[in-house]
Amino acid sequence: MITPIELFAQQAVNGLSLGAMYALLALGFTLVYGILELINFAHFNVFMIGSFVGLIVLQALGIAGQSVVLHGAPLIFALLLALIVTMLVCGILGVLIERFTLRPMRGVRGPMAMITTIGVSYILYNVVLLATNAQALNFPDPLATQDFDIHHVVIRAKQILIWIISLILMVGLDQFVRRSRLGKAMRATAQDAEAARMMGVDVDRVVSTAFFAGSALAGAAGLIFGLYYNFTQYSIGYSAGLRAFTAAVLGGIGNVPGAMLGGILIGLIETMSSQYIATKWADVIIFSILILVLVFKPAGLLGALAPNRS
Amino acid sequence: MSDIPLLQFMAVNTYYGDLHVLKDVDYTINKGEIVVLLGGNASGKSTTMKTIMGVVQPRSGRVLFEGTRIDQSATAARVKRGIMPVLEARRLFPRMSVFENLEMGAYTRRSKAEFAADLELVYALFPRVKERRGQLAGTLSGGEQQMVAIGRALMGRPKLICMDEPSMGLSPLFVEQVFATIQDINRQGISIFMVEQNAAMALSIAHRGYVLQTGRVVLSGSAADLAANPAIQDAYLGEMVVD
Ligand SMILES: Nc1ncnc2c1ncn2[C@@H]1O[C@H](COP(=O)(O)OP(=O)(O)O)[C@@H](O)[C@H]1O
Ligand SMILES: [Mg+2]
């Protein structure tokens, strides 16, 4: 028999895995919002594209379907290659989206830029819908189905992999934003773009960097989605994207540690409410939380709501 | 060589959309000078500073720095040439540490050795800034923030510092300190172009001045002449004139 504590621990393990994926995705919303005060809806489907890029790379390596299982160095090589290619392709896609659809209307007031991101998102969605005939595709599962069973709490190898990838990427981003010259320019631009410019910061370059980093992380999240659920399709961007967006708002949009915290919390809330209430209620609960946060703590758990100009 | 002005405005016209702010404006700032820009509210003083920094571009006219046209250059290029701002209301990066704010001042300067030397100079000028270096800039008092703002400008090793109302919102004690510091900095060879509401004090440390009225230069001359000018006394000095 599984005890209630073991059941809870199992859901915590699952929630942390989902949460890590949401956190990676939430970071992209937060990086861009922090600098441009723009909610980038194209981000949803950059994530979706990421899962397809990961799929293509793994298939190109001969890893197709769920029967090819790798170990050791070939496994690490395949996953690392898929991760790097996916992040690069998505990062470049994000930069191109900003450069060609958003930069021309920088400085235009009102919701135009946001509406443009919805348009771009819809284009990506439809391109993949048509290219795949709206089919769900099998995603390879090259990780040995080796599970660790600790007191009835099953930790799957791919969950450990997800934690490792997410931790490395989040620590990497945090250090980049904290310590690197460009990272400091990003923070300065988020806090006061005009003042940053007058220190000699090239704001266009900072914006490109934010789109690259955020979109590359969305790509990593897309790969993780495929590995976790063993499928992908054109429509995966919406539910994951909306949850990640909720995570960014929950943590405090514009705030990097906030996005990480928010992502983990949303992942835990999702699995816990599926376990203890009902799966079909998970979305109701998650989006009720979004509304409650917006009403009672609009700055989020850790956040400054907008670049503050005090 | 030395008679080339450091900064020159030649018939500059700056607009925000349809709003014509600077109208055929001429300024000359020579090397080593402190020049003060006086003028009522909305007369275009801050716009002058923004035009120098390249945050707004003039629609016509020229801006020259050391004889080279800069009015079409990017802001970063002007910073690299040696122009740094001390912005209206200080505008530090509030959620970055004092040290990081100073680093941002040196953003276009890559030499680590020069950075270390400049940092020592700033810390020597403002021991208080050194004490607060790890603190978030947004948590400092107004006077301390102004020291950081001036320190941040110095970290760019500027030839010219453009200051927009450096005494605004400071207690009288800090105001005196800020003006003393500006003189100190100027004695090290850095030229200052300064917008000030506190006309009496500004004229007392400046070499020359300009008076802007609804976007036109209506008066200019030596600081002493301006301070003695009855029109200036009525408009800007009032009872603030100290004997
Ligand atoms: N970014 C802007 N957009 C539109 N109008 C502006 C902007 N900045 C300033 N102005 C207008 O330009 C005029 C001059 O402003 P400013 O140079 O800030 O005056 P001052 O610093 O002398 O008080 C004012 O009428 C002001 O409203
Ligand atoms: Mg002003």
Side-chain angles (χ1 to χ4, degrees), chain A residues 30-31 33-35 37 103 106-110 174-210 251-259 299-310, chain B residues 16-17 46 49-56 73-97 99-110 112 115 136-140 142 145 148-149 152-153 155-158 161-164 169:
Chain A
T30 257
L31 286 174
Y33 186 88
I35 289 169
E37 287 179 61
R103 194 173 299 178
R106 186 100 50 82
V108 177
R109 287 184 185 279
D174 186 62
Q175 291 297 306
F176 169 73
V177 170
R178 246 187 244 268
R179 297 196 197 287
S180 75
R181 180 170 179 271
L182 199 50
K184 285 174 191 172
M186 272 173 84
R187 281 190 289 141
T189 305
Q191 292 173 34
D192 189 334
E194 195 178 68
R197 191 172 156 198
M198 285 193 256
M199 298 298 121
V201 172
D202 178 347
V203 172
D204 284 341
R205 184 147 163 260
V206 165
V207 171
S208 291
T209 306
I253 192 151
N255 181 308
V256 167
L301 297 177
L302 303 183
L305 184 60
N308 91 48
R309 305 196 192 284
S310 65
Chain B
Y16 295 107
S46 295
M49 297 301 162
K50 290 182 192 170
T51 305
I52 298 171
M53 295 312 302
V55 174
V56 289
S73 318
T75 300
R78 304 180 195 211
V79 171
K80 279 184 203 147
R81 281 183 184 276
I83 312 176
M84 285 296 287
V86 172
L87 301 169
E88 191 170 10
R90 299 173 277 280
R91 305 268 293 268
L92 298 180
F93 304 111
R95 281 170 278 120
M96 294 173 86
S97 70
F99 178 76
E100 287 174 326
N101 270 272
L102 296 176
E103 281 186 311
M104 289 311 298
Y107 187 75
T108 61
R109 306 180 53 78
R110 304 287 200 123
K112 285 224 169 81
F115 176 83
L136 293 186
T139 65
L140 302 185
Q145 290 196 10
V148 179
R152 183 174 70 172
M155 291 304 294
R157 276 209 189 176
I161 301 184
C162 296
M163 298 192 177
D164 199 343

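So you know, we letter chains A, B, ... as the sequences are listed, proteins then strands, and number each from 1. What you see is a predicted model, and the numbers here were worked out from it, not measured in a lab.
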Are the side chain of A:R181 and the backbone N or O of B:Y107 linked by a donor-acceptor pair below 3.5 Å?
yes
Quick one: does any side-chain atom of A:R197 pair with a main-chain N or O of B:G54 as donor and acceptor, under 3.5 Å?
yes
I'd like to know which of B:M155, B:M53, B:M104, B:K80 tops the heavy-atom pair count under 4.5 Å against chain A.
B:M104
So which residue, B:R90, B:M96, B:R78, ends up with the most heavy-atom pairs under 4.5 Å with chain A?
B:M96
[X] side, atom [atom1]; [Y] side, atom [atom2] - distance, nearest 0.5 Å:
{"X": "B:L87", "Y": "A:D192", "atom1": "CG", "atom2": "CG", "answer": "7.5 Å"}
{"X": "A:Q191", "Y": "B:N101", "atom1": "CD", "atom2": "CG", "answer": "8.0 Å"}
{"X": "B:M84", "Y": "A:M198", "atom1": "CE", "atom2": "CE", "answer": "10.5 Å"}

Is the shortest distance from a Lys or Arg side-chain nitrogen in B:E100 or A:K184 to a carboxylate oxygen in the other one below 4.0 Å?
no
Which portion of B:R109 sits near chain A, non-hydrogen atoms under 4.5 angstrom:
neither
Verify the neighbour count for atom CZ of A:R205: are there more than 12 heavy atoms of other residues, nucleotides or ligands below 6.0 Å?
no
Under a 4.5 Å cutoff for heavy-atom pairs, which residue among A:A188, A:A185, A:A196 has the most contacts with chain B?
A:A188
Heavy-atom proximity to chain B below 4.5 Å, by part of A:R178
backbone
To check you understand the geometry: which heavy-atom pair defines the closest contact between A:G200 and B:A76, and what is its length?
O-CB, 3.4 Å
